[in-house]
There are 2 protein chains.
Amino acid sequence: MSRGGKRQGAGRPKGAGPYGEETKPVRIPVSQVDRVRRFIRNREYALPLFACRVSAGFPSPADDYLEGSLDLNEHLVREPAATFFVRARGDSMTGAGIHDGDLLIVDRSRQAKDGSVVIASINGELSVKRYACSNGQARLMPENPAYSPIILNEGDDARLWGVVTSVVHRL
Amino acid sequence: MSRGGKRQGAGRPKGAGPYGEETKPVRIPVSQVDRVRRFIRNREYALPLFACRVSAGFPSPADDYLEGSLDLNEHLVREPAATFFVRARGDSMTGAGIHDGDLLIVDRSRQAKDGSVVIASINGELSVKRYACSNGQARLMPENPAYSPIILNEGDDARLWGVVTSVVHRL
DNA sequence: TTTTTTGAAATATGTAACACTTTTCAAAAA
DNA sequence: TTTTTGAAAAGTGTTACATATTTCAAAAAA
C-alpha cells in the first residue's frame with residue numbers, strides 16, 4: 001500500500017550530516033586517511049584566538065574580541081620538512097624563556113642571526129645557546145653564568161643544527 | 001605504426017605520485033577541503049621529536065634518539081571544542097613562565113585545581129591568575145607583588161573561564 | 001479524535017568507475 | 001649509437017551509483 005507520495009518538506013534535510021555541510025571526495029594517501037579523518041571528524045583545530053584585556057563579558061566567537069582563528073601547526077611550523085622538536089633539560093636558558101622540560105620547536109632551514117636561540121652540537125653534545133655575531137666573530141652564549149661563551153672558529157667541533165623558533169611550556 | 005606492444009616494466013612505476021603511495025577518495029566537508037589539501041600536500045605535521053643531550057652525532061629519523069613523532073595540535077589540544085587561545089599582556093606572570101605576548105592555550109572543559117593557572121574575569125576584566133584552593137577557600141593569586149590575592153565569594157563578579165594548559169613563547 | 005506505524009522522499013556517504021593526465025621504456029627510426 | 005615515439009601503467013579529480021540514514025505526512029490503529 002502506498003503511504004504518502006510527493007510532498008514538500010519530506011526527506012532528510014540538507015546539512016543534516018555530522019558536518020552540517022556538503023562534502024566532496026578528495027584523494028588522500030592511504031596511510032594518512034585515519035589522521036585526516038580525525039582531523040576532520042573529531043577535531044576542529046582552527047581554534048579561536050581572542051585578544052586579551054577585554055573589559056566587558058567573556059568574548060564569544062561572535063564577538064569583536066575575536067582576533068581570528070589559529071591552527072597551531074600552521075602558526076608555529078613554517079617549514080614542516082625542516083622542523084623538529086627537542087625537549088629542553090636544565091634551567092640554563094630561563095633568561096630566554098626556556099624552562100626545564102619545555103618543548104622546543106627547531107627550524108633547520110632558518111639562518112641563525114645575532115641573538116637567535118640555536119641548537120648547537122659542541123664536542124658532540126647537543127645544547128641550546130644564544131648565537132651572537134659581531135665584529136666578524138660568532139659566539140655561542142649560554143644564558144647561565146656557570147658557563148662561558150664559546151667562540152666559533154673554523155675546524156671547531158661545533159655545529160649549528162637549527163634555530164629555535166618557539167618554546168612550548170606546559171603548565 | 002605500432003611502437004612496442006605488451007612488455008614488462010613499461011609504464012609509470014607504482015608509487016611514483018607525489019605521495020609515493022596509493023591514494024583513495026575520502027569525503028571532506030567542502031569548507032575544509034583546502035585546509036586538508038594543505039595538511040596533506042605541503043605539510044607533514046607529524047614531526048620528529050628528539051631526546052636532548054645526545055652525545056653522538058646529530059639525531060636523524062633513523063636514530064635511537066628519536067623519541068617519537070608529534071603533532072602539535074594533538075599534543076597540545078585535548079578538547080578542541082572547548083579550547084581557545086588568548087595572548088598574554090604584561091609581565092605579571094613570568095613566575096609561571098608566561099611572558100608578554102605569549103600565546104596561552106586555554107581549556108574550558110578542565111576543572112581548576114589548586115595551583116592551576118586560570119583565565120578569570122574579575123570586574124569584567126579578563127586576566128591570568130593562579131588558582132589556589134585550601135581550607136575550603138578559593139583564591140586567585142596574581143604572581144605580581146603589586147596585586148593582592150582575590151578571595152572568591154559567592155556572588156562575586158569573578159568567574160573562571162578556563163585552565164591554561166600550555167604557554168607558547170615565540171623567540 | 002489522538003496516537004502509532006509505515007514507507008516514500010530526500011539527503012548522506014563510501015567507493016567503484018570514468019575520463020583525463022603523467023610517466024616510463026622498449027621498439028622504431030634516424 | 002642516439003633520438004624519437006607511442007603504448008602501457010599508474011596517478012588524479014570528479015561523477016556516478018549502491019546503500020544507509022533521516023524525516024514526515026499519510027495510513028492504520030486505538
Side-chain angles (χ1 to χ4, degrees), chain A residues 1-48 60-62 66 68-84 108-109, chain B residues 1-48 60-62 66 69-75 77-84 108-109:
Chain A
M1 311 131 221
S2 169
R3 310 269 186 143
K6 207 155 253 172
R7 81 206 104 102
Q8 287 226 325
R12 193 174 183 169
K14 223 163 191 172
Y19 311 126
E21 192 184 348
E22 276 188 61
T23 62
K24 79 169 204 168
V26 171
R27 277 195 182 272
I28 307 292
V30 281
S31 71
Q32 305 257 357
V33 168
D34 285 344
R35 272 185 77 232
V36 169
R37 274 211 233 272
R38 244 179 306 156
F39 181 76
I40 288 301
R41 206 180 271 273
N42 308 339
R43 316 286 176 128
E44 176 48 77
Y45 283 122
L47 302 176
S60 76
L66 189 61
S69 71
L70 211 61
D71 181 303
L72 286 176
N73 281 335
E74 295 183 14
H75 183 63
L76 298 177
V77 183
R78 197 202 287 170
E79 293 289 341
T83 298
F84 63 90
R108 297 180 67 175
S109 73
Chain B
M1 311 133 222
S2 169
R3 310 268 188 147
K6 209 155 251 171
R7 77 206 108 101
Q8 289 226 325
R12 192 174 184 167
K14 221 164 191 171
Y19 311 128
E21 192 185 349
E22 276 189 59
T23 62
K24 78 168 202 169
V26 171
R27 277 194 181 272
I28 305 292
V30 282
S31 71
Q32 306 257 352
V33 168
D34 286 342
R35 273 184 76 232
V36 168
R37 273 211 234 271
R38 246 179 305 158
F39 181 76
I40 289 300
R41 206 180 268 275
N42 308 339
R43 317 279 175 135
E44 176 48 77
Y45 283 121
L47 303 176
S60 77
L66 189 61
S69 72
L70 211 62
D71 182 305
L72 287 176
N73 281 334
E74 295 183 13
H75 182 64
V77 183
R78 196 201 287 169
E79 293 288 343
T83 299
F84 63 90
R108 298 179 67 172
S109 73

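Throughout, protein chains are lettered first and strands after them, A, B, ... in sequence-line order, and every chain is numbered starting at 1.
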Looking at A:Glu22, I'd like to know if its CD atom is crowded, meaning that more than 12 non-hydrogen atoms belonging to other residues, nucleotides or ligands lie closer than 6.0 Å.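 No, not enclosed.
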Note: A:Glu21 and B:Pro29 closest approach over all heavy atoms is OE1-CB, 3.6 Å
Which of the following nucleotides, D:dT15, C:dA12, D:dA10, is nearest to the side chain of B:Lys14? D:dA10
Measure from the side chain of A:Thr23, starting at C-beta and using heavy atoms only, and say which of C:dT13, D:dT14, D:dT12 lies closest.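 Shortest atom-to-atom distance from the side chain points to C:dT13.
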Rounded off to whole Å, could you give me the CD1-to-P distance for the A:Ile28 and D:dG11 pair? 15 Å
Expressed as a whole number of angstroms, how long is the span from A:Asp34:CG to C:dG14:P?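 That distance rounds to 13 Å.
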Spell out protein contact along nucleotides 17-22 of chain D as letters: B when the base is contacted, S when just the sugar-phosphate is, - when no protein heavy atom is under 4.0 Å; keep the 5' to 3' order. ----BB
Return the nucleotide paired to C:dA30: Watson-Crick means purine N1 to pyrimidine N3 with N6-O4 or O6-N4, wobble means G-U with N1-O2 and O6-N3, both under 3.5 Å. D:dT1
Apply side-chain contact (heavy atoms from CB on, under 4.5 Å) to residues B:Val36 and A:Ile28 and explain how you reach the verdict. CA-CA 9 Å; B:Val36 168; A:Ile28 307 292; 4.0 Å; yes
By nearest heavy atom, map B:Val26 and A:Glu22 onto DNA chain C; which one lands nearer the 5' end? A:Glu22
Measure the spacing between CD of A:Gln32 and OG1 of B:Thr23 and express it to the nearest 0.5 Å.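 Here the rounded value is 12.0 Å.
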First of B:Pro25 and B:Glu21 reached from the 5' end of DNA chain D, by closest nucleotide: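 Checking each residue's closest nucleotide, the 5'-ward one belongs to B:Glu21.
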